[in-house]
Amino acid sequence: GFAMFATLAVHDKAAADEVFLETLPLIEEMAVDERNFVKKAVNWALRQIGKRNEDLRFAAMATSSRLAESANAAARWVGKDALREFWLRRIRRLVPALAAMLLAVGVWGSIWGSDYQQTQLRRDYPWAIFYSANWGQIFSKVEYFAGTPTLLRHLWSLGVEEQWYIVWPLLFVLIAKLGGSARRKG
């Protein structure tokens, strides 16, 4: 069953997203099975479905988040493990490139940059490191199309993307926990 879905997700590039979207409720239902091989196959299918494309990644992450908050230990393991792999893949892909780019721009700016560019770098660097360049530009009242572009202006989109993956899931988990505690009290 689930090993076949994982294999299909990896190898059948022509398979429609609907096939995998219809599989997610079944994955969620069977994630409570404590048997080790079932649990691992369910987890594998969930992770592979999430790797196919952005739409399926969002759906698989939503399923993983619900499972991670489950009262069932097996379902919690499946959800947390899938989320952990997603985050580690993202970190391994983005952080080295961001670090190399920030180092190169920092060195270039300190050696050859004008005083204005060096001031911009001192202002924008902390925002860039923490994936919040979009907020740095907002708080600095930097117009996107006005004047000479800052050396790190292009990082606003990466900031928005990472906030989507970091801030919103944490907010949803917090809301779910608060909602759950309010239901138990009421």
Side-chain angles (χ1 to χ4, degrees), residues 1-13 15-99 126-135 155-186:
F2 292 105
M4 294 289 287
F5 280 117
T7 304
L8 181 69
V10 171
H11 297 292
D12 188 354
K13 303 302 182 199
D17 286 358
E18 289 74 30
V19 172
F20 301 107
L21 290 171
E22 291 169 3
T23 306
L24 291 175
L26 182 60
I27 286 174
E28 204 162 349
E29 180 182 326
M30 293 305 294
V32 299
D33 195 320
E34 295 286 339
R35 292 176 293 177
N36 198 38
F37 289 111
V38 175
K39 185 169 61 170
K40 290 191 177 214
V42 167
N43 178 267
W44 185 33
L46 179 59
R47 289 181 292 121
Q48 297 312 311
I49 289 169
K51 292 176 185 176
R52 282 187 62 91
N53 60 45
E54 282 295 310
D55 293 336
L56 289 174
R57 182 177 303 131
F58 287 132
M61 281 186 64
T63 301
S64 300
S65 296
R66 284 191 302 275
L67 290 172
E69 294 298 314
S70 173
N72 179 277
R76 228 179 8 260
W77 179 86
V78 169
K80 286 181 178 181
D81 189 66
L83 288 172
R84 184 179 316 113
E85 180 178 310
F86 169 77
W87 290 114
L88 288 176
R89 271 179 58 111
R90 234 175 141 65
I91 288 168
R92 277 186 249 136
R93 185 171 60 88
L94 293 177
V95 170
L98 177 66
W127 296 102
I129 290 170
F130 295 107
Y131 290 110
S132 53
N134 57 325
W135 291 106
L155 289 177
W156 72 269
S157 62
L158 187 59
V160 169
E161 181 179 356
E162 290 310 306
Q163 290 158 32
W164 171 257
Y165 285 119
I166 295 169
V167 174
W168 291 110
L170 292 175
L171 188 60
F172 290 143
V173 167
L174 178 65
I175 290 169
K177 285 187 184 236
L178 292 174
S181 65
R183 277 195 301 271
R184 283 190 291 276
K185 289 179 184 175

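Taken from CE in M4 to OG1 in T23, the straight-line distance is 12.0 Å, to the nearest 0.5 Å. The structure places CZ of F20 at 4.0 Å from CG of L8, a figure rounded to the nearest 0.5 Å. Of the inter-residue distances, the one linking F58 atom CZ with T63 atom OG1 reads 13.5 Å to the nearest 0.5 angstrom. Distance check: L46 CG to K51 NZ gives 10.5 Å after rounding to the nearest 0.5 Å. Atom NZ of residue K39 and atom CH2 of residue W77 lie 6.0 Å apart, to the nearest 0.5 angstrom. The line from CD of Q163 to CG of L171 is 12.5 Å long, rounded to the nearest 0.5 Å.
Considering every non-hydrogen atom in both N72 and S70, the closest pair reads N-OG, 3.0 Å. Residues L24 and A59 come closest through the heavy atom pair CD1-CB, 3.6 Å. Taking both residues in full, the closest heavy atoms of V32 and A75 are given as CG1-CB, 4.2 Å, listed atom of the first, atom of the second, then distance. Between G79 and L67, the closest heavy-atom pair is CA-CB, 3.7 Å. The two residues A45 and I27 have their closest heavy-atom pair at CB-CD1, 4.0 Å. The heavy-atom pair separating A128 from L98 by the smallest distance is O-CD2, 3.9 Å.
In terms of the ring pair (Phe, Tyr, Trp, His ring centres under 6.0 Å) criterion, Y131 has no residue partners (sequence neighbours excluded). Residues passing the salt bridge (Lys or Arg N to Asp or Glu O under 4.0 Å) test with E22, sequence neighbours excluded: none. Legend: residues meeting side-chain hydrogen bond (donor to acceptor under 3.5 Å, both in side chains) with R47, ordered by chain and number and at least two apart, are N43, E85. Checked against ring pair (Phe, Tyr, Trp, His ring centres under 6.0 Å), F130 has no partners two or more places apart in sequence or in another chain. In this structure W127 satisfies the ring pair (Phe, Tyr, Trp, His ring centres under 6.0 Å) test together with F139, sequence neighbours excluded. Applying the side-chain hydrogen bond (donor to acceptor under 3.5 Å, both in side chains) criterion to K40, with sequence neighbours excluded, gives no partner residue. Scanning for salt bridge (Lys or Arg N to Asp or Glu O under 4.0 Å) contacts around R90 gives E161, E162, with sequence neighbours left out. A73 pairs by the side chain to side chain contact (heavy atoms under 4.5 Å, CB included) definition with E34, R76, not counting sequence neighbours. Contacts of R35 classified as salt bridge (Lys or Arg N to Asp or Glu O under 4.0 Å), with partners at least two apart in sequence or in another chain: D33. Partners of S64 according to the side-chain hydrogen bond (donor to acceptor under 3.5 Å, both in side chains) rule, which considers only residues two or more places apart in sequence or in another chain, do not exist here.
Not one N or O on the side chain of E29 forms a donor-acceptor pair closer than 3.5 Å with the backbone of P25. Listed for the R52 side chain is a donor-acceptor partner under 3.5 Å among the backbone atoms of A15.
Screening residues 1-12 for salt bridge (charged side-chain N to carboxylate O under 4.0 Å, His left out), with sequence neighbours left out, gives no hits. Screening residues 55-65 for salt bridge (charged side-chain N to carboxylate O under 4.0 Å, His left out), with sequence neighbours left out, gives E54-R57.
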Candidate pair N134 and L158, rule side-chain contact (heavy atoms from CB on, under 4.5 Å), full reasoning: CA-CA 8 Å; N134 57 325; L158 187 59; over 6 Å; no
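The shortest distance between side-chain heavy atoms of I49 and W44 does not fall below 4.5 Å. Side-chain contact check for L178 versus L174: some heavy-atom pair is nearer than 4.5 Å.
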